[in-house]
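Notes follow the structure.
Quick note: numbers below take in every heavy atom, side chains included, and nothing from hydrogens, waters or symmetry partners.
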Amino acid sequence: MADDADNGAKSASRGGALKWIAVLVLGLGLGAGGFYVMFTGAADDVLAWKGESDTGSVASSSLTFLELEPIIVSIGGPGSIRNLRFRASLQIAPDADSLARSLQPRMMDIATTYLRAVPMDMLEEPTSLIRIRAQLLRRFQMLTGPDAVEDLLVSEFVMT
């Protein structure tokens, strides 16, 4: 009786081990196959991004950037000696270059006023830069029109 129980336990453990080995071999095979397909470019036609241009890439001549002057604002309550340094560039539509350049002083005012009003506890959150970027982009788009400013690229965001 005891021998039958030992044989059943050994065969059950052997069957469980074989299942794990089969899963491991299958996973490694699928991973290797996926690597091969991506490395050789066999899936390029399937995964190709179909953008507005025929080449699938943005022409560098169609990108226009306007670098904003660096902003330093004091943050915190009265008596606080903390400062925020902020520097950004705007990606603007090529046909809106002169409009954006003529409105740059107003954009600087909007950015300075908004950054000064941001509460200190919001600035300490890890996601604060994403929120600030979205808020400033929306404000710039309201000023220039929805199609003039395409994106806001933050290059410096330092609290001292």
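- At a threshold of 4.5 Å between side-chain heavy atoms, the hydrophobic network of Ile, Leu, Val, Met, Phe, Trp and Tyr places Val154 and Val73 in one connected group.
- Put simply, Leu153 and Ile132 are part of two different groups of oily side chains (I, L, V, M, F, W, Y) that touch within less than 4.5 Å, one to the next.
- Lys19 places none of its side-chain heavy atoms less than 4.5 Å from the side chain of Val23.
- Cluster annotation: Leu123 is not connected to Ile72 through the hydrophobic network of ILVMFWY side chains, with a link wherever side-chain heavy atoms come within less than 4.5 Å.
- Side chain of Arg85 to backbone of Pro70: no donor-acceptor contact under 3.5 angstrom is found.
- Legend: salt bridge (Lys or Arg N to Asp or Glu O under 4.0 Å) pairs involving residues 141-153, not counting sequence neighbours, sorted by first then second residue: Arg133-Asp151.
- Counting side-chain heavy-atom gaps under 4.5 Å among Ile, Leu, Val, Met, Phe, Trp and Tyr, the cluster of Ile21 also holds Val25.
- Environment of CG in Leu30: crowded, with over 12 heavy atoms of neighbouring residues, nucleotides or ligands closer than 6.0 Å.
- Under a 4.0 Å N-O distance rule, the pair Arg82/Glu124 qualifies as a salt bridge.
- In this structure, Met122 is a member of the same hydrophobic cluster as Met159, with clusters built from ILVMFWY side-chain heavy atoms closer than 4.5 Å.
- Judged purely by atom type and a 3.5 angstrom limit, Thr112 has no side-chain atom pairing as donor or acceptor with the backbone of Asp109.
- To the nearest 0.5 Å, the span separating OH on Tyr114 from CZ on Phe140 amounts to 11.0 Å.
- Within the model, atoms CZ of Phe65 and CG of Leu90 stand 10.0 Å from one another, a figure rounded to the nearest 0.5 Å.
- Considering CZ of Phe157 and CG of Leu115, their distance stands at 7.0 Å, rounded to 0.5 Å.
- Salt bridge Glu69/Arg87: absent, no basic N to carboxylate O contact under 4.0 Å.
- Across all non-hydrogen atoms, the minimal contact from Leu68 to Met108 is CB-SD, 3.8 Å.
- Residues Leu137 and Gln141 form a side-chain contact, since some pair of their non-hydrogen atoms from C-beta on lies under 4.5 Å apart.
- For the residue pair Arg139 / Gln135, a side-chain donor-acceptor distance below 3.5 Å is found, with atom types taken as modelled.
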**Request:** Check the pair Thr64, Leu66 against side chain to side chain contact (heavy atoms under 4.5 Å, CB included), reporting the backbone distance first and the verdict last.
**Result:** CA-CA 7 Å; Thr64 305; Leu66 173 65; over 6 Å; no

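- Atom CG of Leu103 and atom OG of Ser98 lie 9.5 Å apart (nearest 0.5 Å).
- Hydrophobic clustering (side-chain heavy atoms under 4.5 Å, transitive across Ile, Leu, Val, Met, Phe, Trp, Tyr) keeps Met142 apart from Val149.
- Of the possible donor and acceptor atoms, one in the side chain of Ser102 sits under 3.5 Å from a partner among the backbone N and O of Leu99.
- Rounded to the nearest 0.5 angstrom, Met107 CE and Leu152 CG are separated by 10.0 Å.
- In plain terms, the two heavy atoms of Ser155 and Ala88 that are nearest each other are OG-N, 4.1 Å.
- Taken from CZ in Arg106 to OG1 in Thr144, the straight-line distance is 12.5 Å, to the nearest 0.5 Å.
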